[in-house]
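See structure below.
Whatever order the structure lists them in is the order used to number ligands and atoms, beginning at 1. In this chain, numbering begins with 1 at the start of the sequence shown.
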Amino acid sequence: MRKWLMAAFAAALFIAPGAALAQQQPIIIKFSHVVSPDAPKGKAAMKFKELAESYTNGKVKVEVYPNSSLYKDKEELEALQLGSVQILAPSISKFGPLGVREFDVFDLPFLMTDDARAHQMYASPMMAELNKKLEAKGVSPLAYWDNGAHVYTCNRPLSMPDDFRGLKMRIQGSKVLDAATRELGALPQIMAFSELYQALQTGVVDGEDNVPSNILTQRFYEVQKYLTVSYHGRLTYALIVNKKFWDGLPDDVRAPLTRAVKETTDFFNETAAKDNADALEKIKASGKIQVHELTDAERKAWIAKLMPVHTEMQSRFGKDFIEKIYKASGFTPPSS
Ligand code: LMR
């Protein structure tokens, strides 16, 4: 009698923890994105995985899906709202389908030409108002990642605004980017990031704007002849989660994840600043594309040409809102 009791007790000693462990399967966090693993966002996604798994002692497992391998631009936002993926870091220029059109305003030409203004903007209380609108759509923004300023690439040299006349230019989805492209006399084409290389290669579009790290890691410079360093706009990501998923996390998981988000955001902003500067140098050194830095006179001509977009957007967003954005970003419209 006693022997089988001892044996059963011994078995319980060994199985119980195993069973408990089996019951505590890690919480899976799927992180989908559209850029290459060696672009700033690709590196940051892996940094988040490393920190999240370490700070939660393995209570979460982060699965990273780069290069649109799980979802393309539009699909990934839908998947997040449905809960088929838990975390994303899309460009805020693609938030239109979420129905929070106010984010388009960040694409106003020359609104945030330098890093300091952008960081000032994303640290401003203004963002809290916009975050609430996103939360109403079932999406919680955890952080904003600044991936620097845009440059143009094209099969035609772009020095003066008139050089855009009649070109087909790929844009991300925002209405402001659409208006700015039309103001330059070009035809805007919204297109998923994953389709862009081929579209440039085959001439479906003549050009696009992006940050140097994307142009390098996606090899756009191999299928374009000219690059203009215009810094006319910015690429900002919002690190967003499915709200129900995030709110439903146990406190002892959400707290270490929040710490991982904070440290990953610092890592991202540092990495992006360095990688974009390095990428522009590497692209220049490749000799495969002709690089032109806008002169002050050319920049003035671009700003004058594109200011009507700011005025046009006042009717869309309201003068007060636009002025709040100017104040938060430190932008002063040029005196006419
Ligand atoms: C683009 O579509 O050009 C970018 O938003 C891609 C990205 O996520 O960097």
Quick one: do the [X] and [Y] side chains pair a donor with an acceptor below 3.5 Å?
X	Y	result
W302	S230	no
H33	E76	no
Q120	S329	no

Which part of [X] is near ligand 1, with near meaning a heavy atom under 4.0 Å away: side chain, backbone, both or neither?
X	answer
N147	neither
N214	side chain
E195	neither
K41	side chain

### Query
Who gets closest to atom 3 (O) of ligand 1 by heavy atom: E76, R170, E208?
R170
#### Entry: Option whose closest heavy atom lies nearest to atom 9 (O) of ligand 1, chosen from Y237, F220, F193
Y237
### Positive for ring pair (Phe, Tyr, Trp, His ring centres under 6.0 Å) with F268, one of Y237, Y144, Y122
Y237
#### Entry: F164 vs Y152, ring-ring contact (aromatic ring centres under 6.0 Å, His included): CA-CA, chis, key distance, verdict
CA-CA 11 Å; F164 282 82; Y152 272 108; 4.9 Å; yes
Provide the number and element of each atom of ligand 1 under 4.0 Å from a heavy atom of [X].
X	result
L235	5 (O), 9 (O)
V35	7 (C), 8 (O), 9 (O)
S91	5 (O)

### Task
May I ask you to check whether K94 has an N/O atom sitting below 3.5 Å from an N/O atom of ligand 1?
yes
### Message
Run the side-chain contact (heavy atoms from CB on, under 4.5 Å) test against A199 and tell me which residues pass, sequence neighbours left out.
### Response
M191, V204, V205
### Query
Is it the case that R219 places NZ or CZ above or below the six-membered ring of Y197, under 6.0 angstrom from the centre and within 45 degrees of the axis?
yes
## Note on the structure
The single option from V64, T217, N67 that satisfies side chain to side chain contact (heavy atoms under 4.5 Å, CB included) with P37 is N67
### Query
How far is atom 5 (O) of ligand 1 from its nearest protein heavy atom, and which residue and atom name does that atom have?
Q172 OE1, 2.8 Å
